[in-house]
**Student:** 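Below is a structure I'd like to ask you about.
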2 protein chains.
Amino acid sequence: MKHAMNQKPDYEKELRKAGVRITRPRRIILDILTSTEDHPDAMKIFHRAIEIDDSISLSTVYRTMNLLEEMGAIHRHAFNGGPSRFEQAHGEHHDHLIDIETGDVIEFQSDKIEKLQEEIARSLGYEITHHRLELYCRKITPGE
Amino acid sequence: MKHAMNQKPDYEKELRKAGVRITRPRRIILDILTSTEDHPDAMKIFHRAIEIDDSISLSTVYRTMNLLEEMGAIHRHAFNGGPSRFEQAHGEHHDHLIDIETGDVIEFQSDKIEKLQEEIARSLGYEITHHRLELYCRKITPGE
DNA sequence: TTCTTTTTGCAAACGATTTGCATTTGCATT
DNA sequence: AATGCAAATGCAAATCGTTTGCAAAAAGAA
């Protein structure tokens, strides 16, 4: 089992190549996404964005998240059925451990689990297109 | 790996014991839940309910789902970030394979995966309170 | 049956997200 | 640098799933 790590790919280039205009709001939102370690929701991204340019609207945040998701640049999660939370789609696939007390998210990856999932799906006559594994956890306090 | 199976526990007794009144809407909704194989959302339950008694309201469905969830009689899922879908909490824990073409849900259970999850959480300093494993799949068509 | 309390149906409120539309902007072209 | 046009924006209104306040109705104990 290994931790995932943040990289910083050049999304502007990719967007341009896909024929998407690179506007001021988009640049700012991309910056926020590539420079954060957490998994913010649209409202959080919006608030960080208007600190840089207060003319940015919430709908643009939502529209941009949809755009980036379609392009595969970000991933969307709905932990606990709450609002969508986003993260840049850096390199490797990983799953999530969510601290139910703080909402913090830890990323992890297990080849063994992935293999078992494939096996199960196959034995039921299916192939996996994507999956979602979330561990809702409480921190272990050694002294109790 | 094994499939889960439907049972039909006597929820009315449990509800009474918990000091909850057993009303006509509740009886009908419980009946729907214990006699279905699928994972219906509130709207679907509502429609099935008004076929039996057209005076039942959607808010009562929602209220009842919340009640039953708190009592541990049902489980709530939010596949794909869509509306909550429910199932009776029959016996053993299981995970879900969702057919992305039809929305059908197949239940499965893997001790091996559960064990690995525990290990991972522990190695990160956490204990799992609950988890969620969903495999979004497409049916394998042998001839292509 | 009567009383008290819980539950209901309804309509209005809600939070997250999407949409229509007029205006502004990016950017390819002069 | 100025022009033109499609694409993107901001705003407000709409939408979807869900919750809530409240007066009326029903459950269950006496």
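Proteins come first, then strands; the chains are lettered A, B, ... in the order of their sequence lines, and each starts at number 1. Basis for what follows: all heavy atoms, side chains included, without hydrogens, waters or symmetry-related copies.
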**Student:** Can you check the H77(B) NE2 to dG17(D) C1' distance for me, whole Å?
**Tutor:**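 Nearest whole value for this atom pair: 18 Å.
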**Student:** For V61(A) and V20(B), find the nucleotide of DNA chain D closest to each by heavy atoms; which residue's nucleotide sits nearer the 5' end?
**Tutor:**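 Residue closer to the 5' terminus by nearest nucleotide: V61(A).
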**Student:** Going by purine N1 to pyrimidine N3 plus the second Watson-Crick contact, or the G-U wobble pair, all under 3.5 Å, which nucleotide sits opposite dA30(D)?
**Tutor:**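 Its partner is dT1(C).
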**Student:** Measure from CD1 on I28(A) to C1' on dT25(C) and round the result to the nearest Å.
**Tutor:**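 After rounding, the reported distance stands at 14 Å.
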**Student:** Please report whether the ring centroid of H131(A) lies less than 6.0 Å from that of H93(A).
**Tutor:** yes
**Student:** Regarding T129(B) and R138(A), is there a side-chain donor-to-acceptor distance under 3.5 Å anywhere?
**Tutor:**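 Per modelled atom types, T129(B) and R138(A) side chains form no pair under 3.5 Å.
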**Student:** Can you tell me how far P of dC14(C) sits from CZ of R63(B), to the nearest Å?
**Tutor:**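 Taking CZ of R63(B) and P of dC14(C), I get 17 Å after rounding.
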**Student:** Identify which nucleotide among dG10(D), dT6(C), dA8(D) has an atom closest to any side-chain atom of S57(A), counting heavy atoms from C-beta outward.
**Tutor:** dG10(D)
**Student:** Provide the Watson-Crick or G-U wobble partner of dA28(C), both distances under 3.5 Å; none if there is no partner.
**Tutor:** dT3(D)
**Student:** Expressed as a whole number of angstroms, how long is the span from I56(A):CD1 to dA8(D):C1'?
**Tutor:** 13 Å
**Student:** Any base atoms under 4.0 Å from R16(A), or only sugar-phosphate, or nothing? Heavy atoms, all strands.
**Tutor:** sugar-phosphate
**Student:** Which residue, R27(B) or R85(B), contacts DNA chain D at a nucleotide closer to its 5' end, judged by nearest heavy atom?
**Tutor:** R85(B)
**Student:** For S84(A) and dA16(C), is the shortest distance between a side-chain N/O and OP1 or OP2 below 4.0 Å?
**Tutor:**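 Answer no for this pair, as no side-chain N or O of S84(A) is under 4.0 Å from OP1 or OP2.
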**Student:** Could you check how far CD of E69(A) sits from C1' of dT18(C), rounded to whole Å?
**Tutor:** 14 Å
**Student:** Which word best sums up how the rings of F79(B) and H77(B) line up, parallel for under 30°, tilted for 30 to 60°, or perpendicular for over 60°?
**Tutor:**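 Correct class here is parallel.
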**Student:** Nearest to the side chain of I22(A), which nucleotide is it out of dT7(C), dC27(C), dG17(D)?
**Tutor:**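 The listed nucleotide nearest to I22(A)'s side chain is dC27(C).
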**Student:** For S55(B) and R24(B), test the side chains for any donor-to-acceptor distance below 3.5 angstrom and give the result as yes or no.
**Tutor:**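 S55(B) vs R24(B): no donor-acceptor pair found between side chains.
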**Student:** Give a yes-or-no answer on whether the side chains of R76(B) and N66(B) include a donor-acceptor pair shorter than 3.5 Å.
**Tutor:**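 Note: R76(B) and N66(B) side chains meet the donor-acceptor criterion.
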**Student:** Just how far, in rounded Å, is C1' of dT18(C) from CG of L58(A)?
**Tutor:** 11 Å
**Student:** Less than 4.0 angstrom between a side-chain N/O of R24(B) and OP1 or OP2 of dA27(D), yes or no?
**Tutor:**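 No, R24(B) has no side-chain N/O under 4.0 Å of OP1/OP2 on dA27(D).
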**Student:** Could you tell me the separation between the CG atom of D41(B) and the C1' atom of dT18(D), rounded to a whole number of Å?
**Tutor:** 12 Å
**Student:** Has S59(B) got a side-chain N or O lying under 4.0 Å from the OP1 or OP2 atom of dT8(C)?
**Tutor:**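 No, S59(B) has no side-chain N/O under 4.0 Å of OP1/OP2 on dT8(C).
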**Student:** Mind calculating the distance between CG (N66(B)) and P (dT20(D)) to the nearest angstrom?
**Tutor:**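 About 8 Å, once rounded to whole Å.
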**Student:** If you check the P25(A) side chain, which of dT8(C), dG10(D), dG28(D) turns out closest?
**Tutor:**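 Among dT8(C), dG10(D), dG28(D), the one nearest the side chain of P25(A) is dG10(D).
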**Student:** Would you call the rings of H130(B) and Y136(A) parallel, tilted or perpendicular, taking 30° and 60° as the class edges?
**Tutor:** parallel
**Student:** Taking the side chain of Y62(B) as heavy atoms from C-beta outward, which of dG10(D), dT17(C), dG17(D) is closest to it?
**Tutor:** dG17(D)
**Student:** Hey, is the side chain of T23(B) poking within less than 4.0 Å of OP1 or OP2 on dA27(D), counting only N and O atoms?
**Tutor:**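 Checking dA27(D) against T23(B), no side-chain N or O comes under 4.0 Å of OP1 or OP2.
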**Student:** Quick check on dT7(C): is either OP1 or OP2 less than 4.0 Å from any side-chain nitrogen or oxygen of R26(B)?
**Tutor:**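 So the side chain of R26(B) is within the cut-off, an N or O lying under 4.0 Å from OP1 or OP2 of dT7(C).
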